[in-house]
Amino acid sequence: MLGLAFKYSYLNAKVRTIYSQRLKESDWRVLSHFGDQVSFVQYLKTTYYSRWINTIFQDAKRGSETFERQIYSSLFNDYLKIARNLKPAPKRLLMSMLSRYEAENIKTLLRAKKGGLSQKAVWHLLYPVESFSRINWEELWKSKDVKETMEKLLDTCFGPALAHALPQFEAQARLFPVEMALEIQSYRCILDALLAISCKKDRQMAKNLIGAFVDTKNVCHVARLRFLYRLSTEESLNYTYPGGLMLNLKRLHNVCRATSLQEFIDSLPVQLKEELHETQDLLGLKISMEQWLLKRLKKAFLGLPFHIGVEIAWLFYKELEIEAVIRLFGTKGTKHRIEIQKLIPKALLKEE
Amino acid sequence: MFRPVKLLRITIQVPEEYMSEVLGILGDFRLLHLININETYLGKLGYVAAAPADLLNRYENIVSHANRLIKELGIKAPVPPLEHAPRPEKDIFLLEDELSAISAKLHPLLEEERRLKKQIEEKDSLLKRLQLLAPAQIDFTRLSRLMFTSCRFGVIPPENFERLEESLSDIHHALIKIQTSKDRLVLGAFCLKEDLPVMERALRSAFFNEIALPSDLKGTTDEIIKQLEKERVPLTQRLQELGKEKEQAQKRYGQSLLLIREKAHLAKLLIEAASKFGKIDHTYLLTGWIPVDLYKSLKEKILKATDNKAIVDAVDPEDLREVRSGIVKIPILFNNPLLIRPFERLTTLYGIPSYQEVEPTVFLAISFVILFGMMFGDVGHGLVLFLAGFYIFKRLYKYLDYGIILMECGVSSMIFGLLYGSVFGIEDLIPALWLHPMKDIDKFMLVSASIGIAMISLGFILNLINILKAKEYHKLLSASGLAGALLYWLLAGLGVRYFTSGPPGPMEQTIAGVIAALLLFIMIVERPLRVIIKKKRQKRKSLESGSSIPVLVLESVIEVLDQVLRFVANTVSFVRVAAFALTHAALFLGVFSIADMLSHGNKTGLAYILTLVIGNIVIILLEAMVVSIQTIRLEYYEFFSKFFRGGGTLFKPVVKQEDLEITEA
């Protein structure tokens with residue numbers, strides 16, 4: 001116990017300081033009232049995001065299209081700040097959590113290569129991963145096609161998955177299986193890093209939080225695959241992410257069998273169903289699942305504080321906060337007025 | 001040796017019909033630096049010849065075809081030297097005929113080899129796939145008779161198996177694990193024929209990669225594998241036989257193929273060079289630089305080949321107005337003996353000397369070798385360097401120059417090792433013929449400073465020669481000219497006097513003071529005076545660079561003082577020669593001390609020997625690098641900076657050896 005206190009007292013103090021600077025209910029109210037993106041960003045520049053978005057809207061080159069990716073620098077900075085003070089195993093876990101963003105960038109890059117687009121044409125779609133990524137992006141951009149890009153990635157953490165996805169890409173001539181392989185692999189990396197943590201308390205806390213996060217992602221992911229892309233049950237199941245907490249394979253299979261959204265929600269475990277009873281569409285499903293996750297994340301800040309859970313909870317919290325900011329930002333400048341409750345989970349709005 | 005090869009500027013006018021002959025002659029001579037017509041007045045008017053694209057393509061085809069045959073035959077013999085350069089327009093027919101004749105003779109052999117290799121490759125590939133399934137002992141005859149069941153064999157990531165199994169739980173199926181390794185699982189998947197679409201979807205989404213097998217396979221995996229291996233034997237035997245036939249073909253056609261490729265490549269280079277020629281109607285015009293010695297024979301050969309219809313003129317560069325005014329630079333062709341030639345690389349690294357100035361490579365080479373030896377004096381280490389250099393010289397043709405430099409430095413180190421009495425750091429094995437650096441520090445430092453004085457003086461003398469050659473007499477009075485040199489020698493003389501027979505007397509001091517003051521005065525007033533005279537001549541009101549006379553004087557005073565300080569600093573800088581020789585000895589003290597400690601003073605045993613060996617390796621690697629850097633530093637900053645002007649261009653022969661070597665790759 002004393003060891004854990006030594007290990008985490010400084011880091012927890014640091015994380016709690018950052019946590020106290022999160023967007024409050026009043027911030028959300030103000031942000032929801034702006035009618036245009038410029039005022040929205042101007043206000044956001046007065047919050048702790050200021051350092052990362054202060055160049056947005058300063059000139060023609062830094063417009064709204066850069067905002068969505070630029071704001072993630074703030075999250076990546078928190079990751080690195082926390083990882084610096086961790087032992088190798090938990091540090092590896094955090095870095096593998098970041099690999100999801102590398103996977104997203106690889107997907108964008110592959111799409112660009114397939115569509116014959118240059119780096120310049122898609123740069124606003126890329127996450128600013130330079131601060132932590134060990135992938136040689138310059139070299140990847142030099143590749144002449146998708147195959148060469150994938151071959152260059154074989155010695156990265158995505159290599160094993162890409163080795164199996166490459167023949168699928170060659171046979172089907174579409175990127176979908178490769179994209180799925182990348183996403184699944186990034187979650188597999190998290191799972192591997194999680195199992196490598198030797199401290200039981202840390203491992204348990206991380207497993208609970210990451211498991212809940214994966215459940216949230218899986219529910220939204222399967223719903224999208226089934227109802228948006230119309231994939232079959234067996235395909236949807238095979239494309240789910242590993243490492244869920246409540247949704248094991250059997251449960252996921254049940255979820256995948258659903259033919260309507262209501263049937264889908266009914267097949268979920270009771271704890272989740274309670275949160276989803278008012279859900280009518282995919283966006284509602286996502287917000288409700290985030291609400292469920294946020295409640296669990298907030299619980300990590302209560303009780304005995306000396307474990308990795310506090311750090312992980314904060315990072316997931318911030319990720320959800322950024323996603324909510326981006327959703328709200330997207331509605332600015334459009335004629336559609338959407339109620340804030342439909343875009344932002346209540347747990348972000350209300351301070352408990 | 002002290003100046004580049006004397007060149008002439010030649011102009012050749014050739015009627016179109018003789019151009020191929022002339023190109024061949026230029027190829028034979030090699031030592032012609034062509035001037036690109038685009039850089040001349042004629043070129044700017046648009047009288048530029050174009051390289052004949054069709055001919056060029058034909059030669060390119062020959063080169064690539066010959067390369068393909070050489071590669072397929074596996075010819076690795078050295079490229080035979082060409083006695084005569086090809087005549088591009090005439091020789092094309094000959095080369096094409098020769099190559100197609102050889103190609104026709106080699107075709108059946110190479111074609112059969114290709115076919116056999118393909119067959120073996122196909123069999124190997126099928127064997128590899130079947131070996132994955134071997135543990136399951138699958139009977140393909142029985143499998144082909146299945147009426148209601150479908151099956152697929154393939155590989156999936158092991159971690160996907162559980163999900164795949166679950167995803168198939170809604171249909172009747174069987175998944176059979178055949179082989180498992182860390183990153184793949186060989187799997188047989190069976191289901192009812194009606195459920196095949198479901199199974200295929202599930203397999204695809206689980207990243208299942210099917211092992212493709214021919215549909216006509218009969219028997220068990222073992223039987224098929226044995227059959228394939230049996231079928232493979234005669235194929236490999238025939239391939240081996242073909243190998244012997246290829247060896248004979250190599251002997252018969254190897255040299256011819258290499259020669260054809262070499263000739264075609266040279267012809268290609270010559271044709272490409274034609275884009276640097278001028279052309280007016282049906283006459284080609286070539287201009288360039290050629291060594292004086294070669295001019296006469298080149299002229300004779302061209303006139304003979306063109307029935308005296310060509311016009312070959314030569315002009316001494318001194319007579320060319322563009323050269324005098326500095327618009328056109330005369331290229332420099334180094335002219336050094338074999339042992340000095342590698343150091344040309346070091347000279348050109350600093351800058352390319354101009355045609356008019358002293359070519360300093362010989363001074364650099366001699367002083368480099370001496371300074372290196374002084375700082376790295378050890379018989380054993382010198383021998384190691386010599387052997388390393390010899391290895392590079394013999395084996396690594398590309399780095400031949402560095403091999404020679406290393407050998408020369410090794411010899412110098414050995415000589416100084418004898419003078420210091422040092423063999424692998426052991427100083428009591430042989431007697432020192434001159435001194436021990438660690439024991440005679442004062443003497444050694446004086447010698448180093450003396451070498452510095454000698455080298456700086458040489459720098460001054462070379463600068464004086466350059467000034468006189470360039471007829472820039474006013475510079476004689478400057479701090480870098482004669483006045484500066486005299487002052488330096490005066491100060492050096494006083495220094496030598498002090499160290500050899502004590503401080504100079506009052507009379508000597510007075511005379512030296514007066515001379516020094518006079519020289520300083522000359523150096524200071526030289527520039528302001530020159531400006532005043534120029535102003536008076538041109539009768540212009542504004543002064544040079546817009547400065548007034550007092551400002552000019554002040555600038556001169558600062559410049560001269562700076563120069564005098566540099567004299568002292570440059571000379572003292574040579575004391576590093578002694579310092580590095582001491583470091584060399586001191587490092588050995590360290591190594592021996594460690595070795596003694598490890599052997600508890602016994603001076604025997606494995607630890608002692610191992611420490612000495614590792615210590616020596618480290619010293620050789622580390623010090624050879626440091627000493628080289630320091631020597632180059634002394635050469636460039638203390639010596640070259642005194643006289644080197646640079647700004648020249650290198651002589652580029654019409655066909656360079658490097659261009660020819662590309663074909664060997």
Side-chain angles (χ1 to χ4, degrees), chain A residues 150 154-155 157-174 176-185 187-192 195 218 221-222 225-226 229-244 247-257, chain B residues 125-126 128-129 132-133 150-175 177-214:
Chain A
M150 285 169 72
L154 288 180
D155 55 356
C157 68
F158 301 104
L162 288 176
H164 289 282
L166 186 58
Q168 299 266 335
F169 168 73
E170 285 176 324
Q172 298 177 36
R174 59 187 192 130
F176 186 74
V178 180
E179 292 181 357
M180 286 296 112
L182 283 166
E183 283 181 21
I184 295 168
Q185 182 62 18
Y187 282 94
R188 186 150 286 133
C189 289
I190 297 175
L191 204 58
D192 289 346
L195 296 173
N218 263 337
H221 182 57
V222 170
L225 294 178
R226 288 290 287 138
Y229 301 132
R230 304 274 167 206
L231 290 194
S232 64
T233 306
E234 54 279 2
E235 284 173 302
S236 303
L237 179 64
N238 278 322
Y239 288 143
T240 53
Y241 309 132
L247 295 173
N248 58 17
L249 271 178
K250 280 262 176 260
R251 285 231 183 239
L252 274 173
H253 200 177
N254 282 340
V255 174
C256 291
R257 282 192 190 105
Chain B
S125 162
L126 184 56
K128 218 171 156 187
R129 278 174 279 157
L132 287 174
L133 304 174
S150 294
C151 71
R152 294 285 182 270
F153 295 102
V155 177
I156 63 161
E159 59 273 12
N160 287 4
F161 180 78
E162 210 184 331
R163 268 192 297 176
L164 175 66
E165 181 88 73
E166 177 61 37
S167 70
L168 289 171
S169 61
D170 291 345
I171 59 166
H172 293 292
H173 74 281
L175 293 179
K177 289 183 183 178
I178 297 171
Q179 257 194 68
T180 316
S181 70
K182 197 187 158 198
D183 56 353
R184 70 174 183 200
L185 168 62
V186 183
L187 199 70
F190 294 78
C191 70
L192 293 177
K193 276 216 162 100
E194 64 198 53
D195 292 331
L196 186 62
V198 176
M199 189 174 83
E200 282 192 328
R201 278 201 300 271
L203 289 175
R204 218 171 32 231
S205 54
F207 301 98
F208 175 90
N209 292 311
E210 197 175 343
I211 298 171
L213 296 168

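Sequence lines set the chain letters: A, B, ... in the order given, protein chains first and strands last, and positions in each chain run from 1.
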Considering only heavy atoms, which portion of [X] lies under 4.5 Å from any heavy atom of chain B: side chain, backbone, both, or neither?
X	answer
A:T240	both
A:P167	both
A:A161	neither

Q: Decide yes or no on side-chain contact (heavy atoms from CB on, under 4.5 Å) for B:L164 and A:N238, but give the supporting numbers first.
A: CA-CA 6 Å; B:L164 175 66; A:N238 278 322; 4.2 Å; yes
When rounded to the nearest 0.5 angstrom, what distance separates [atom1] in [X] from [atom2] in [Y]?
X	Y	atom1	atom2	answer
A:L225	B:S205	CG	OG	10.0 Å
B:N209	A:E170	CG	CD	9.5 Å
B:F207	A:L162	CZ	CG	9.5 Å
B:R201	A:T233	CZ	OG1	8.5 Å
B:E159	A:I184	CD	CD1	10.0 Å

Q: Answer yes or no: are there more than 12 heavy-atom neighbours, outside A:K250 itself, under 6.0 Å from its atom NZ?
A: no
Q: Examine whether an atom of B:I171 lies under 4.5 Å from a heavy atom of chain A, and if so say whether it belongs to the side chain, the backbone or both; otherwise answer neither.
A: neither
Q: Would you sort out whether A:L249 and B:R163 count as a side-chain contact (heavy atoms from CB on, under 4.5 Å), showing the intermediate values?
A: CA-CA 7 Å; A:L249 271 178; B:R163 268 192 297 176; 3.0 Å; yes
Q) Within the side chain of A:Q168, is there an N or O that forms a donor-acceptor pair under 3.5 Å with the backbone of B:F208? A) yes
Q.
Using modelled atom types and a 3.5 Å cut-off, is there a donor and acceptor pairing between side-chain atoms of A:H164 and backbone atoms of B:D183?
A. yes
Q | Close side-chain approach of B:D170 and A:R257, heavy atoms under 4.5 Å | A | yes
Q. Do you know the tightest heavy-atom contact between B:S167 and A:E234?
A. O-CB, 3.6 Å
(Q) As an exercise: rank B:N160, B:L203, B:V198 by heavy-atom pairs under 4.5 Å with chain A and give me the winner. (A) B:V198
